[in-house]
Number of protein chains: 2
Amino acid sequence: MPTISRTPNLELIRRSPFFAAAGEAAMARLLRPSFTQQLPRTTILFDQNELPDFVHLLLAGSIGLKAEAEAGGETVVEIFGPGELLLVPAVLLGLPYLASGVALTDVRVLMIPAETFREGVAQDPALARATIELLSRHWRLMVDQVVDLKLRPAERRVARFLARRVPEEAGAGTAELPEPRAALAARRGGTPATLSRALAALEQQGLIRLSARRADVVDRARLA
Amino acid sequence: MPTISRTPNLELIRRSPFFAAAGEAAMARLLRPSFTQQLPRTTILFDQNELPDFVHLLLAGSIGLKAEAEAGGETVVEIFGPGELLLVPAVLLGLPYLASGVALTDVRVLMIPAETFREGVAQDPALARATIELLSRHWRLMVDQVVDLKLRPAERRVARFLARRVPEEAGAGTAELPEPRAALAARRGGTPATLSRALAALEQQGLIRLSARRADVVDRARLA
DNA sequence: CAGCGGTCTTGATATATATCAAGCAACAAT
DNA sequence: ATTGTTGCTTGATATATATCAAGACCGCTG
């Protein structure tokens, strides 16, 4: 069922933030033992509490980090889009994953063996530098989320999310929303019901126009 | 008023997670242009939205990352204790701080010039490796916090916090609480009122014994 | 195209925690 | 030791959002 290919999508990989920073030689080093997979939505790429075998470079689609707590609840800690590498901290610290990686859409991923990645980072300064940049960026995204959760009401959180999802730097644009509403809501610290209400409120205010899997944004700056 | 000393506390520094990982030579490299400061509680070490001049190694006391949102609220994103290095992501990415660093108690910090740190990390593999470990660890702490905020009720959050604050691995122990209650509460995503209530509830259940600046924990495992 | 199953939306109600206010406790200054 | 200030605690009330339930919508399959 999953499609396995040894012909990686070179341009996509080259343009990912990680490999753009690491450079061609470092990229070639990691690609040699790696392979690409096409996986359907809901696939679990890695399990919370398990030890990592691979680092995954997301080439297309969305992956959610789903975490469970001991009392049985489940949430989405982060949603990664194309070009993102995950989950570097668990691989490099040799610790279990803190969350499962779940495909929120059909996804294409490059699977880099964990040991290859660890050796590469330890031996190649370009890979070390790219890893430091990636980890720094990801930490700052988490900080931003914590501030969001603690200080902003649900509607403001949703508005900011849409602003960031619009590819255009300014003015009107379109935020594609291919992920399940439940995942989008959980990432924002809420429920699907609250997400629906927030989206409806923003539409009522004339800031967006909603359809099933997208939101047309009238002016990005007014949502930020 | 602040005490500046060029005689660093070598053993404290050596035993910090970062320098324990980086080793003696790397440590010597960073220490050469650095200096130590003793600062009173409420001192602002660095400002949200400013660019970094230093990396701070906390030698004693607590520092809170305080963030403000545009609508005027303020919260505490993280509290760092002795041995922690901050704020590496802003320094290495050359970006403004996402939060201010505020002394929650009197603190002693080692100030490492940002440029020295950047050069060190770029040129010394031991420093790069230590940085990667630190960033990975800090990211996982943020993930843990997001899960806490999203899945656990306030009392559970406080209980887990106390369990982690107890230095003893198991059994009875004491959690010192020198920081202002408002900061402790904000880090946990709540208000001082809710923190008080949670602490009182845990005491009522016989899990802790409270005094002004400490909580005696009966059995750490029952709080975790 | 029709039917089915899963997801999403919406109205009503419940709830965990914030807010408000006042008193108490701790700390600093004299 | 006393006084004043700041921080903390506690009771009452308010509120943002969760929960529950039912209908609408969307996507997939035959």
Side-chain angles (χ1 to χ4, degrees), chain A residues 1 40-42 62 64 66 69 71-76 102-106 148-159 161 175-204 208-215, chain B residues 1 40-42 62 64 66 69 71-76 102-106 148-159 161 175-204 208-215:
Chain A
M1 173 66 176
R41 114 195 247 285
T42 75
S62 292
K66 288 196 179 179
E74 177 183 273
T75 193
V76 173
V102 181
L104 299 179
T105 65
D106 294 346
D148 232 28
L149 292 171
K150 288 180 177 179
L151 291 183
R152 296 186 184 96
E155 191 180 305
R156 197 81 280 296
R157 273 182 255 154
V158 173
F161 156 61
E176 303 286 347
L177 308 172
E179 301 94 343
R181 291 286 205 267
L184 293 176
R187 165 62 173 79
R188 242 45 63 182
T191 61
T194 301
L195 176 61
S196 286
R197 291 183 228 275
L199 289 171
L202 294 174
E203 190 173 40
Q204 169 69 14
I208 61 173
R209 285 187 306 273
L210 264 188
S211 50
R213 306 250 68 93
R214 52 185 290 176
Chain B
M1 173 65 176
R41 126 199 238 282
T42 75
S62 292
K66 288 196 179 178
E74 178 183 271
T75 193
V76 173
V102 182
L104 300 178
T105 65
D106 294 345
D148 231 28
L149 291 171
K150 287 180 179 179
L151 291 184
R152 296 187 183 95
E155 192 182 303
R156 197 79 279 295
R157 273 181 256 153
V158 173
F161 155 62
E176 302 287 347
L177 308 172
E179 301 94 341
R181 290 285 203 266
L184 293 177
R187 164 61 173 80
R188 240 49 60 182
T191 61
T194 301
L195 176 61
S196 287
R197 290 182 226 276
L199 288 171
L202 294 174
E203 190 173 39
Q204 169 69 12
I208 61 173
R209 285 185 306 275
L210 262 186
S211 50
R213 307 249 66 93
R214 54 187 290 179

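Remember, it's a predicted structure, so these values are computed and weren't measured experimentally.
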Rounded off to whole Å, could you give me the CG-to-C1' distance for the A:Leu177 and C:dT9 pair?
15 Å
Select base, sugar-phosphate, or nothing to describe what B:Arg152 touches, counting heavy atoms under 4.0 Å on all strands.
nothing
Specify the separation, in whole Å, of atom CG of B:Asp106 and atom P of C:dC27.
13 Å
By the 4.0 Å heavy-atom rule, please label A:Arg157 as base, sugar-phosphate, or nothing.
sugar-phosphate
Would you mind telling me which residue lines up with the more 5' stretch of DNA chain D, B:Ala193 or B:Arg41, judged by nearest nucleotide?
B:Arg41
Double-helix bend of the helix from C:dC1-D:dG30 to C:dT30-D:dA1, axes at both ends from 5 pairs, round to 10°, gives 50°
Hey, does A:Gly73 reach any base, or is it just sugar-phosphate, or nothing, if we go heavy atoms under 4.0 Å?
nothing
Is any side-chain nitrogen or oxygen of A:Arg213 closer than 4.0 Å to OP1 or OP2 of C:dC8?
yes
With a 4.5 Å limit on heavy-atom distance, are the side chains of B:Glu179 and B:Arg213 in contact?
no
Can you pull the contact range of chain B along DNA chain D, 5' to 3', using atoms under 4.0 angstrom from its heavy atoms?
D:dC8 to D:dA12
Do A:Arg187's NZ or CZ and the ring of A:Phe161 fall within the cation-pi criteria of under 6.0 Å and 45°?
no
Could you tell me if the side chain of A:Leu104 sits less than 4.5 Å from the side chain of A:Arg41, heavy atoms only?
no
Starting at atom CZ of A:Arg181, determine the distance to atom P of C:dT7, rounded to an integer number of angstrom.
13 Å
Taking C-beta and beyond as the side chain, do A:Arg188 and A:Thr194 meet within less than 4.5 Å on heavy atoms?
no
Heavy-atom distance under 4.5 Å between the side chains of B:Leu199 and B:Arg181, does that happen here?
yes
Whole Å only: how far is the CZ atom of B:Arg214 from the C1' atom of C:dA26?
17 Å
CZ (B:Arg209) with more than 12 external heavy atoms under 6.0 Å:
no
Minimum heavy-atom distance between B:Thr105 and B:Ser62, given as atom pair plus value
OG1-N, 3.0 Å
What is the distance from CG of A:Leu195 to C1' of C:dT10, rounded to the nearest Å?
13 Å
What pairs with A:Arg214 under side-chain hydrogen bond (donor to acceptor under 3.5 Å, both in side chains), at least two apart in sequence or on another chain?
A:Thr174, A:Asp216
Considering all heavy atoms of both residues, which atom of B:Ala186 and which atom of B:Thr75 are nearest to each other, and what is their separation?
O-OG1, 3.7 Å
